[in-house]
Amino acid sequence: MADSSKKMQIVFASAECAPFVKTGGLGDVAGSLPAALVRAGAEVIVMVPKYATIKDEYKAQMEHFSDFYVSLGWRNEYCGLEKLEHDGVTYMFIDNERYFARDYPYGFFDDGERFAFFSKAITESLQHLPAGFECDILHCNDWQTALAPVFLREFYQGLPLYDRVKTVFSIHNVAFQGQFSDTVMEDILGVAHIPAAASQLRCDACSINYMLGALRYADAITTVSPTYAGEIQTPEFGEGLDGVLRERSYALQGILNGIDVAGFDPATDKRIAANYTVDDRGGKAVCKAKLQEELGLEVRDDRPLMVMVTRLTRQKGMDLVMYALDRILSGGVQVAVLGTGDRDYEDGLRYFQDKYPGTMAARIEFDPALSQRMYAAADMFLMPSKFEPCGLSQIIAMRYGTLPIVRETGGLKDTVIPYNEFTGEGTGFSFSNFNGDEMGDAVFRAARLFWDNRDAWNQLVTQAMSQDFSWTRSADKYLDLYFFMHPEIERPAAVVDEPVVVAEKTEAEPEPKAKPVVEAPAAAEEPKAEEKPAAKPAAKKTTTRKTTTKKATTTKAAAAKTTTAKTTTTRKRTTAAAKKAADAEAAPEVKAEAAVEAKPAVKAPAKTTAKKTTATAKKAAAAKSTTTKAAATKAAAKTTTKAATTKAAAKPAAKVEETPVEAKPAAKTTTRKRSTTTTKKATTKAAAAKAETKTASAKEEPKAEVKATPKATAKTEPAKEAPVSPAAPAEEKAPTKKTSVRKATATRKRR
């Protein structure tokens with residue numbers, strides 16, 4: 001039963017977190033997602049190392065909360081917890097000056113030891129949290145916290161406080177995995193004596209991989225966009241981890257990142273030249289003119305301005321840019337690039353700036369304020385990444401009414417809807433292959449729309465600015481996962497700003513709407529089985545069987561007369577008839593009589609002659625059918641269905657259903673018997689004449705049956721040909737036929 005009084009309590013661990021320390025997208029996520037979770041009704045504690053680079057204004061607000069020692073291999077290391085409340089979120093800074101009092105977060109020779117300590121400190125500190133906070137979800141991010149799920153399972157499992165903790169591991173970039181020499185397993189991690197841990201951390205003969213450990217130990221795995229979740233399961237994007245990601249694909253899902261919509265708002269942003277909104281974009285033209293002037297470009301509103309704010313690396317598509325830039329600039333598109341990176345790309349951009357003065361501007365530097373002005377001023381934003389887990393730049397650009405031109409990969413594909421010139425749909429432009437010509441074509445598709453159809457362009461800008469990329473939406477999806485892993489905790493009614501959606505999810509509590517069901521962690525597979533009971537498939541099968549029976553009964557007859565009740569009654573009668581037939585099998589004469597008694601009732605609507613003929617034919621058919629039933633027990637259900645169809649056979653359709661089976665044996669049996677009779681009467685011309693007459697009458701009945709169903713036609717035709725032998729006289733005069741049969745039998749015995 002769900003506990004309505006308990007809130008979901010989450011510990012969110014990250015090596016960086018804005019505004020305290022940030023080097024990339026991970027800092028933005030850790031700075032925004034926890035706040036959105038708190039607004040949604042959860043309790044969150046964010047754990048971050050206490051780096052020396054954190055501003056003094058934040059350090060002054062920290063309160064010493066607790067301290068203890070953490071065992072790390074043969075060491076016992078001091079760990080302090082410094083508490084800080086900021087924007088409604090509780091932050092716990094892990095304090096150890098030997099590891100974290102440095103000028104930069106990463107890039108040191110002992111990073112393996114530093115972040116192994118951080119992971120161990122996270123798990124140990126779960127015992128030292130504020131009163132009333134019992135961790136339900138430990139959410140770890142990237143390789144720096146990847147050992148926390150490993151330590152939790154190997155060193156803390158079984159302790160009451162830790163039993164309820166479910167672990168979630170988020171991949172922000174699978175290219176950075178934390179690989180170190182396997183010597184750290186004993187010296188630092190202390191797991192060399194645990195075979196399961198040692199084998200699952202090892203990535204080759206002499207190395208271990210921190211991220212690999214998290215992928216194998218975490219209860220659930222997430223990444224930053226749905227498309228990237230699929231890409232990293234392939235060798236091209238998996239960076240060697242695609243195998244284990246495929247193995248655990250049931251626990252993997254992609255949840256798109258959001259942005260701080262309040263911080264990136266053109267209506268209130270003080271860093272841009274003029275504010276504007278989606279309804280009144282007059283300020284954007286002012287921003288464009290100011291930026292053109294600032295960068296030394298021609299101040300012209302009739303030329304599209306395309307910008308890039310990026311690291312100058314191959315991953316960001318700079319090879320394509322270098323290839324196509326000459327064509328783009330000579331085609332009349334202004335380009336401005338801001339960023340630093342590989343020296344070759346930096347020099348290349350400076351070359352094009354000199355070659356196309358007034359059209360090309362390169363700023364080889366890192367300037368957050370200038371980047372904001374570029375987002376607001378540009379018409380187009382170029383982002384041709386080779387791979388992109390999520391990407392925030394294209395989202396920010398859309399927020400400012402700048403249309404992105406992206407390659408269809410990772411989060412770029414998930415966030416940018418390509419423009420459709422026929423329907424007007426879209427929020428930007430895209431191309432699929434990592435190819436410079438394709439990128440150039442996409443740029444000129446955008447430029448031509450800017451030049452030739454400004455109304456369509458403006459509508460596209462409106463659509464881009466209207467997209468919802470808030471963290472509220474992303475937080476809701478993370479909560480879907482959290483509550484799926486803890487179905488005993490009741491989800492609050494007002495989880496997000498959309499009460500209708502929340503109410504729907506509250507009713508189906510552990511039901512994750514989309515992917516959590518598919519990618520549920522192993523520990524939570526039981527609720528999954530309960531949510532998808534076998535009742536539905538079973539119902540489908542039952543329906544199929546009923547439908548098949550009804551089709552067989554009513555396809556050629558009046559569908560309205562056939563009901564479920566009749567079908568049920570028919571089955572009962574058929575079962576009784578089948579039993580009679582089985583009993584009759586031991587005594588052929590009794591069986592024949594039983595068949596004669598049952599079948600005329602079925603053939604009631606037919607003429608007297610037809611009754612006799614059908615009865616004679618069915619004697620042999622009943623014998624064959626009974627033998628088949630006895631031999632093939634596994635086909636009992638099918639036989640019952642056919643018999644049910646026959647038993648309902650006051651109707652033509654049921655009669656016809658049986659006819660194809662009976663026609664051939666009847667023809668063969670009568671042919672043999674009639675052949676014997678014919679041998680004796682071969683010299684009698686009158687018999688031949690009568691045979692012709694009765695052949696015609698014998699043909700009439702199959703015709704009536706053929707009309708009832710097309711299927712009987714092919715099978716009944718041989719029966720039409722069989723009566724050509726002069727056996728029909730026996731049908732007209734039943735006593736004569738019986739006498740002839742007896743004589744034939746006697747003759748055989750004498751011979």
Side-chain angles (χ1 to χ4, degrees), residues 9-17 20-21 30 34 44-54 58-86 89-106 108-135 137-157 159 161-162 165 167 178 180 184-191 197 210 213-214 217:
Q9 295 178 318
I10 305 153
V11 171
F12 192 92
S14 174
E16 56 184 83
C17 176
F20 311 107
V21 57
V44 184
I45 291 178
V46 180
M47 291 194 174
V48 192
K50 185 183 177 183
Y51 298 110
T53 52
I54 295 174
Y58 296 123
K59 288 181 181 177
Q61 299 173 37
M62 294 180 188
E63 168 196 347
H64 182 73
F65 181 77
S66 178
D67 57 72
F68 46 89
Y69 281 85
V70 173
S71 63
L72 199 66
W74 50 266
R75 311 161 186 74
N76 273 330
E77 292 289 343
Y78 168 83
C79 176
L81 291 182
E82 305 293 325
K83 182 180 175 183
L84 171 64
E85 300 281 347
H86 181 72
V89 181
T90 300
Y91 294 88
M92 289 285 188
F93 292 89
I94 304 293
D95 181 25
N96 182 300
E97 292 190 355
R98 190 162 81 84
Y99 289 134
F100 301 128
R102 308 191 186 185
D103 296 336
Y104 196 75
Y106 321 119
F108 298 97
F109 74 97
D110 60 346
D111 276 357
E113 181 178 342
R114 295 171 67 223
F115 291 105
F117 167 79
F118 182 44
S119 296
K120 192 71 175 290
I122 291 165
T123 53
E124 184 69 25
S125 64
L126 298 185
Q127 305 172 60
H128 303 274
L129 299 178
F133 194 103
E134 293 184 357
C135 178
I137 300 289
L138 174 58
H139 191 150
C140 302
N141 295 270
D142 268 355
W143 73 267
Q144 296 91 347
T145 60
L147 289 177
V150 180
F151 290 143
L152 189 73
R153 179 81 60 84
E154 297 297 351
F155 297 141
Y156 297 89
Q157 190 174 33
L159 298 176
L161 180 68
Y162 291 86
V165 179
T167 53
F180 302 97
V184 305
M185 270 203 293
E186 179 59 33
D187 184 55
I188 296 170
L189 310 187
V191 297
Y210 285 12
Y217 276 83

Asker: With ring-ring contact (aromatic ring centres under 6.0 Å, His included) as the test, pick out the partner of Phe115 among Phe180, Tyr210, Trp143.
Answerer: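 Answer to the ring-ring contact (aromatic ring centres under 6.0 Å, His included) test with Phe115 among Phe180, Tyr210, Trp143: Trp143.
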Asker: Kindly write out the residues that satisfy salt bridge (Lys or Arg N to Asp or Glu O under 4.0 Å) with Arg153, not counting sequence neighbours, or none if the list is empty.
Answerer: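 With sequence neighbours excluded, Arg153 shows a salt bridge (Lys or Arg N to Asp or Glu O under 4.0 Å) to no residue whatsoever.
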Asker: Give the C-alpha distance, both sets of side-chain angles, the deciding distance and a yes or no for side chain to side chain contact (heavy atoms under 4.5 Å, CB included) between Asp111 and Tyr106.
Answerer: CA-CA 7 Å; Asp111 276 357; Tyr106 321 119; 4.1 Å; yes
Asker: Roughly how far apart are Ser14 OG and Asp142 CG, rounded to 0.5 Å?
Answerer: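 Nearest 0.5 Å value for the OG-CG distance: 8.0 Å.
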Asker: Would you name the heavy atoms of Cys140 and Thr145 that are closest together and state the gap between them?
Answerer: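 Result for this residue pair: CB-OG1, 3.3 Å.
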Asker: Taking the side chain as C-beta and beyond, is there a heavy-atom pair between Leu189 and Phe151 under 4.5 Å?
Answerer: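 Answer yes - side chains close enough.
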Asker: Show your working on side chain to side chain contact (heavy atoms under 4.5 Å, CB included) between Arg114 and Phe100 and close with a plain yes or no.
Answerer: CA-CA 8 Å; Arg114 295 171 67 223; Phe100 301 128; 4.0 Å; yes
Asker: Could you state the interatomic distance from CE (Met92) to CZ (Phe133), rounded to the nearest 0.5 Å?
Answerer: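 Met92 CE to Phe133 CZ: 9.0 Å, rounded to 0.5 Å.
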Asker: Tell me whether Tyr162 contacts the main-chain N or O of Thr123 through its side chain, where contact means a donor paired with an acceptor under 3.5 Å.
Answerer: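 At least one qualifying donor-acceptor pair exists.
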Asker: Could you tell me whether Lys59 and Asp95 make a salt bridge, using a distance below 4.0 angstrom between a side-chain N and a carboxylate O?
Answerer: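 Salt bridge absent between Lys59 and Asp95.
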Asker: Taking the side chain from Lys120 and the backbone from Ser71, do they hold a donor-acceptor pair closer than 3.5 Å?
Answerer: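 Here the side-chain-to-backbone pair exists.
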Asker: Answer with yes or no after comparing the ring centroid distance for Phe20 and His86 against a 6.0 Å cut-off, counting only values under it.
Answerer: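 Centroid separation for Phe20 and His86: below 6.0 Å.
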Asker: I'd like to know whether Tyr217 forms a side chain to side chain contact (heavy atoms under 4.5 Å, CB included) with Leu152, so could you lay out the CA-CA distance, the side-chain angles of the two residues, the decisive distance to 0.1 Å, and finally the verdict.
Answerer: CA-CA 9 Å; Tyr217 276 83; Leu152 189 73; over 6 Å; no
Asker: For a 4.5 angstrom cut-off between non-hydrogen side-chain atoms, does Ser125 reach Met47?
Answerer: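 Side-chain contact under 4.5 Å: yes.
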Asker: Does either side chain, that of Glu97 or that of Tyr78, offer a donor lying less than 3.5 Å from an acceptor on the other one?
Answerer: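 No, because no side-chain N or O of Glu97 sits under 3.5 Å from a partner of the opposite role on Tyr78.
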Asker: Do Val48 and Ile94 come close enough that some side-chain heavy atom pair is under 4.5 Å?
Answerer: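 Heavy-atom side-chain distance check fails, nothing below 4.5 Å.
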Asker: Within the 4.5 Å heavy-atom criterion, are Thr90 and Val46 side-chain neighbours or not?
Answerer: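 Result no, sub-4.5 Å side-chain heavy-atom pair not found.
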Asker: Could you tell me whether Arg102 sits above the aromatic face of Tyr51, with NZ or CZ closer than 6.0 angstrom to the six-membered ring centre and within 45 degrees of the axis?
Answerer: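 No, a cation-pi geometry is absent between Arg102 and Tyr51.
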Asker: Are any non-hydrogen side-chain atoms of Val165 and Ile137 less than 4.5 angstrom apart?
Answerer: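 No - every pair of side-chain heavy atoms lies 4.5 Å or more apart.
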Asker: Taking side chain to side chain contact (heavy atoms under 4.5 Å, CB included) as the test, write out the residues that go with Arg98, two or more places apart.
Answerer: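 Residues passing side chain to side chain contact (heavy atoms under 4.5 Å, CB included) with Arg98: Arg75, Glu77, Asn96, Glu113.
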Asker: Check whether any side-chain heavy atom of Phe93 lies under 4.5 Å from a side-chain heavy atom of Leu84, and answer yes or no.
Answerer: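 Yes; the side chains approach each other to less than 4.5 Å.
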Asker: Taking Gln9 for the side chain and Gly132 for the main chain, is one N or O donor matched with an acceptor at less than 3.5 Å?
Answerer: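 Checking the backbone N and O of Gly132 against the side chain of Gln9, a donor-acceptor pair under 3.5 Å is found.
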Asker: One pair to check against side chain to side chain contact (heavy atoms under 4.5 Å, CB included): Leu81 and Phe68. What are the steps and the verdict?
Answerer: CA-CA 9 Å; Leu81 291 182; Phe68 46 89; 3.9 Å; yes
Asker: Sub-3.5 Å donor-acceptor pair from the side chain of Ser119 to the main-chain atoms of Ala116, do we have one?
Answerer: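 Not at all, since once roles are kept as given, no pair shorter than 3.5 Å links the two residues.
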Asker: Can you measure from CG (Leu126) to CG (Leu159) and round to the nearest 0.5 angstrom?
Answerer: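 If I round to the nearest 0.5 Å, the distance is 11.0 Å.
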Asker: In terms of side-chain heavy atoms, does Glu124 have a donor or acceptor partner in Tyr156 at a distance below 3.5 Å?
Answerer: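 Note: Glu124 and Tyr156 side chains meet the donor-acceptor criterion.
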Asker: A side-chain contact here means heavy atoms from C-beta on lying under 4.5 Å apart; do Cys135 and Ile45 qualify?
Answerer: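 The answer is no; the side chains never approach within 4.5 Å.
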Asker: Side chains of Phe117 and Cys79, heavy atoms from C-beta outward: is any pair under 4.5 Å?
Answerer: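 Yes; the side chains approach each other to less than 4.5 Å.
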